[in-house]
S.K.: 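This structure is in structure tokens; I'll ask about it shortly.
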Amino acid sequence: MPGTLPFTISKTDSFFEKLSEWIGDVFYEILPEAGFEERDEQIFMAFQLEKAFKDKKAMFAEAGVGTGKTIVYLLYAVCYARYTNQPAIIACADERLIEQLVKKEGDIAKLEQALQLNMDVRLAKSRDQYLCLNKLDPLVTDDDEAYNAVYDSLPAFVNSTSTLQKFHRYGDRTEYPSLTDEQWANISWDPLQDCLACSRRHRCGLTLQREHYRNAADIIVCSHDFYMEHIWTKESRIREGELPFLPDGSCVVFDEGHLLEFASQKALTYRFAERTLETLLTRIMDNDVREKTLDLMEQAISKNDEFFAELAKCSSESRASEKMTVHKAPSVTALAENLLWLLDSIQEELVFESEMFVIDDYNLKIVEEYLDQISYSLSLFARRSIGINWLENHNGEKTLVIMPKMVEEILRKEVFSQQKPFIFSSATLSEGNSFDYLAKSLGIDDYLSFSVSSPFDYEEKMRLYLPEFSPVDFEARAKYAMDQIQSSNGRALVLFTDMNDLHSFKKYVQGSFGFPLLFEGDAEISTLVSRFQNEEQSVLCSVNLWEGLDIPGRALENVILFTLPFPPNDPVFAAKREEASNSFTEVDLPYMLLRLRQGIGRLIRTSTDQGEVHVLLDQNLEPEVLERIHSVLPVHPSKLNNGAKLA
């Protein structure tokens with residue numbers, strides 16, 4: 001039953017001694033009797049992990065594909081949670097991997113059945129993964145079938161006045177698989193929604209799920225993004241009388257832990273969208289506000305337009321990234337300062353307006369909160385030299401992003417100063433047999449580590465090819481990829497490093513095949529993955545599935561890496577390069593090699609899998625780089641029969 005340790009322990013027994021005995025029984029007896037394969041690599045990992053929990057330290061647990069690392073950390077997490085009476089936190093790289101972990105045929109379900117162990121596991125998803133009822137309402141019209149279908153699917157209690165009798169999960173992204181990412185953005189939570197003051201708060205899917213997962217006895221599963229957002233907002237939420245997003249966990253497991261740095265940076269960013277200010281101010285301009293306040297608001301909206309227009313002029317495109325580098329010219333800084341002065345003046349006037357009770361309290365609260373955020377963001381941009389700034393442009397909507405330069409000091413203080421087990425699990429955590437690259441970037445000074453290789457026979461199961469192409473010849477790469485897809489009769493995963501190449505490939509291959517081609521962005525990502533897994537001859541094209549995708553069997557027999565996954569030349573990596581004595585060897589190359597290993601690792605997921613991997617290289621690759629690539633390949637490259645040049 002939940003809350004009870006799966007082994008007997010008396011008051012005089014050592015928890016860790018009894019845990020160690022039980023772990024041995026599980027891997028040597030219980031799991032093999034339940035049909036699980038006995039793996040030396042998995043058993044080695046299990047006993048290595050014990051020290052991290054016993055000493056309450058960070059550990060880099062690098063375990064190759066097929067070692068069964070998820071089962072190992074689940075066993076420790078649930079036992080430690082019950083020992084400490086605090087749930088364990090398992091943070092996955094993204095929302096898609098959350099679903100994969102808890103699916104009916106997943107590792108948690110398998111363990112529960114094999115061990116007769118009922119685990120209380122609950123999901124904690126990021127806010128933007130939930131439907132906003134207030135945003136949905138105005139989009140429900142006779143002409144829009146997609147949003148009407150969402151509205152019709154809502155549980156009856158959402159629009160009822162009766163008392164809610166029990167928890168009812170609804171409203172997360174996976175329930176609306178047919179919506180494109182763009183459609184979902186129109187009805188999902190966003191920062192302009194004041195959830196605390198919302199009259200529908202206690203019938204909202206987001207609020208109900210949050211109250212549900214906080215009471216988990218064993219495990220809470222969330223994304224890296226959500227865990228880091230919890231860390232950065234914890235103190236401010238407590239000051240405002242709110243509960244933190246997550247309870248204090250007994251331990252934290254970072255699955256695909258090599259991606260945590262990027263989630264940390266994302267959580268710390270401030271985003272100022274071009275239309276945000278106008279949207280905020282028009283909420284209250286229709287009220288009976290004084291002429292002076294109205295004039296200041298109109299000036300601010302006009303100055304905001306000037307500011308973003310000048311930002312666009314002073315920004316340049318980044319290769320393979322949506323992040324445009326901002327060149328902070330005097331004209332941009334002057335406009336930012338001018339806009340700041342107007343916002344400060346508006347905030348002063350709103351104090352008087354609030355005393356006259358002419359503005360709705362709900363709208364006024366939202367406007368005041370977000371004017372504070374915009375002002376703070378602008379002050380960071382205009383008045384501080386440290387930090388990273390970039391401009392994004394999505395369908396004509398520009399957003400200024402401000403991010404701290406490096407996150408390791410904040411992580412060191414806010415996360416890894418805690419005395420608890422932190423487990424980093426991935427097949428790719430080290431670079432050149434060292435974990436220092438990852439540890440340094442995360443602010444971890446003292447850690448345990450181990451590496452264990454995959455039990456799979458790659459030489460027998462995998463053929464790997466390294467064809468070379470001109471860096472500017474997109475068509476040659478696309479034709480090669482098409483030929484390989486045709487050769488394997490679908491069953492292929494094509495991985496890109498940026499959305500531009502993916503969209504170009506989509507246009508290039510349109511109508512070329514008789515089997516389904518699935519492209520990231522066309523539907524909810526886990527729905528696309530499910531189709532790919534179940535429609536055996538389909539092809540999946542993605543930018544974000546280099547890690548974590550687990551498709552065993554004949555559905556995936558061909559992995560094509562369209563380009564080497566070097567980091568983009570964007571402001572984030574530009575800042576990392578500035579801090580390095582040799583930017584290529586300390587930043588670009590380690591990043592590329594880690595991601596390359598992840599991409600190749602998508603092919604062989606079980607001992608019966610087999611197939612091909614094609615890594616498309618540039619012809620002008622330096623010999624030293626090619627040598628490093630060969631050093632991380634699981635098999636020696638094969639020769640092509642079609643005459644394409646090989647590395």
Side-chain angles (χ1 to χ4, degrees), residues 2-5 15-16 19 49-59 61 73-93 95 98 101-102 108 119-127 167 195-196 206-255 257 260 263-264 266-268 407-425 442-448:
T4 303
L5 285 169
F15 165 75
F16 288 104
L19 174 62
L49 225 58
E50 180 185 329
K51 187 168 178 58
F53 280 85
K54 195 171 184 179
D55 296 348
K56 298 182 180 179
K57 296 185 73 170
M59 170 173 272
Y73 72 61
L74 281 172
L75 290 173
Y76 275 94
V78 70
C79 289
Y80 199 69
R82 295 183 180 186
Y83 172 62
T84 59
N85 290 317
Q86 287 182 303
I89 309 295
I90 296 178
C92 301
E95 307 292 340
I98 292 176
L101 188 62
V102 300
I108 290 175
M119 288 191 259
D120 183 13
V121 181
R122 307 188 187 188
L123 296 183
K125 292 192 171 186
S126 298
R127 291 179 287 182
F167 169 74
C195 299
L196 196 60
L206 168 60
T207 305
L208 293 173
Q209 179 65 14
R210 186 176 295 164
E211 292 173 354
H212 175 66
Y213 73 66
R214 280 189 179 127
N215 294 316
D218 292 330
I219 294 173
I220 298 174
V221 186
C222 66
S223 67
H224 290 181
D225 286 349
F226 190 69
Y227 179 80
M228 297 318 304
E229 189 178 5
H230 156 70
I231 292 295
W232 305 142
T233 61
K234 182 178 179 180
E235 294 303 323
S236 62
R237 289 181 67 84
I238 291 173
R239 284 197 302 270
E240 293 167 7
E242 297 183 79
L243 289 173
F245 287 136
L246 294 167
D248 285 332
S250 58
C251 61
V252 184
V253 177
F254 296 110
D255 202 342
L260 183 64
S264 305
K266 183 178 176 182
L268 275 171
V407 297
E408 63 255 34
E409 286 303 324
I410 303 170
L411 284 168
R412 181 179 285 109
K413 178 183 176 183
E414 300 295 336
V415 181
F416 299 114
S417 63
Q418 301 177 70
Q419 293 298 305
K420 65 173 66 173
F422 289 99
I423 309 300
F424 291 81
S425 173
L442 295 172
I444 300 175
D445 302 315
D446 184 24
Y447 62 86
L448 303 170

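Worth knowing before you read on, the calculation uses all heavy atoms, side chains too, and leaves out hydrogens, waters and symmetry mates.
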S.K.: Hey, can you tell me if Phe15 and Tyr80 have their rings parallel, tilted or perpendicular (30° and 60° cut-offs)?
M.R.: tilted
S.K.: Test side chain to side chain contact (heavy atoms under 4.5 Å, CB included) on Phe422 and Val415 and set out the steps.
M.R.: CA-CA 9 Å; Phe422 289 99; Val415 181; 3.9 Å; yes
S.K.: For Val121, run the side-chain contact (heavy atoms from CB on, under 4.5 Å) check against Ile220, Ile219, Leu101 and tell me which one passes.
M.R.: Ile219
S.K.: Looking at OG of Ser264 and CG of Leu442, how far apart are the two atoms once the value is rounded to the nearest 0.5 Å?
M.R.: 6.5 Å
S.K.: Mind checking whether Asp446 and Phe416 have side chains closer than 4.5 Å, heavy atoms only?
M.R.: no
S.K.: Would you name the heavy atoms of Leu5 and Cys79 that are closest together and state the gap between them?
M.R.: CD2-O, 3.5 Å
S.K.: What distance do Leu75 atom CG and Met119 atom CE have between them, rounded to the nearest 0.5 Å?
M.R.: 7.0 Å
S.K.: In terms of relative ring orientation, are Phe16 and Tyr83 parallel, tilted or perpendicular, with 30° and 60° separating the classes?
M.R.: perpendicular
S.K.: Locate the shortest heavy-atom distance separating Leu411 from Met228; write the atom from each residue and the value.
M.R.: CD2-CE, 3.5 Å
S.K.: Ring centres under 6.0 Å, that's the criterion: do Tyr447 and Phe424 meet it?
M.R.: no
S.K.: Return the CG to CZ distance between Asp445 and Arg412, rounded to the nearest 0.5 Å.
M.R.: 4.0 Å
S.K.: To the nearest 0.5 Å, what is the distance between CD (Glu414) and NZ (Lys234)?
M.R.: 9.0 Å
S.K.: Shortest non-hydrogen contact from Asp255 to His224?
M.R.: O-NE2, 2.9 Å
S.K.: How long is the span from the SG atom in Cys251 to the CD1 atom in Ile90, to the nearest 0.5 Å?
M.R.: 7.5 Å
S.K.: Using side-chain contact (heavy atoms from CB on, under 4.5 Å) as the criterion, point out the one residue from Arg210, Arg237, Arg214, Glu211 that pairs with Leu243.
M.R.: Arg214
S.K.: What are the two closest non-hydrogen atoms of His230 and Leu246, and how far apart are they?
M.R.: CE1-O, 3.1 Å
S.K.: To check you understand the geometry: which heavy-atom pair defines the closest contact between His212 and Arg122, and what is its length?
M.R.: O-NH1, 2.6 Å
S.K.: In Å and rounded to the nearest 0.5 Å, what is the CD1 to NZ distance from Ile423 to Lys57?
M.R.: 11.5 Å
S.K.: Where is the tightest heavy-atom contact between Asp218 and Ala81, given as atom of each residue plus distance?
M.R.: O-CB, 3.3 Å
S.K.: Quick one: sort the Phe245 and Phe226 rings into parallel, tilted or perpendicular, breaks at 30° and 60°.
M.R.: tilted
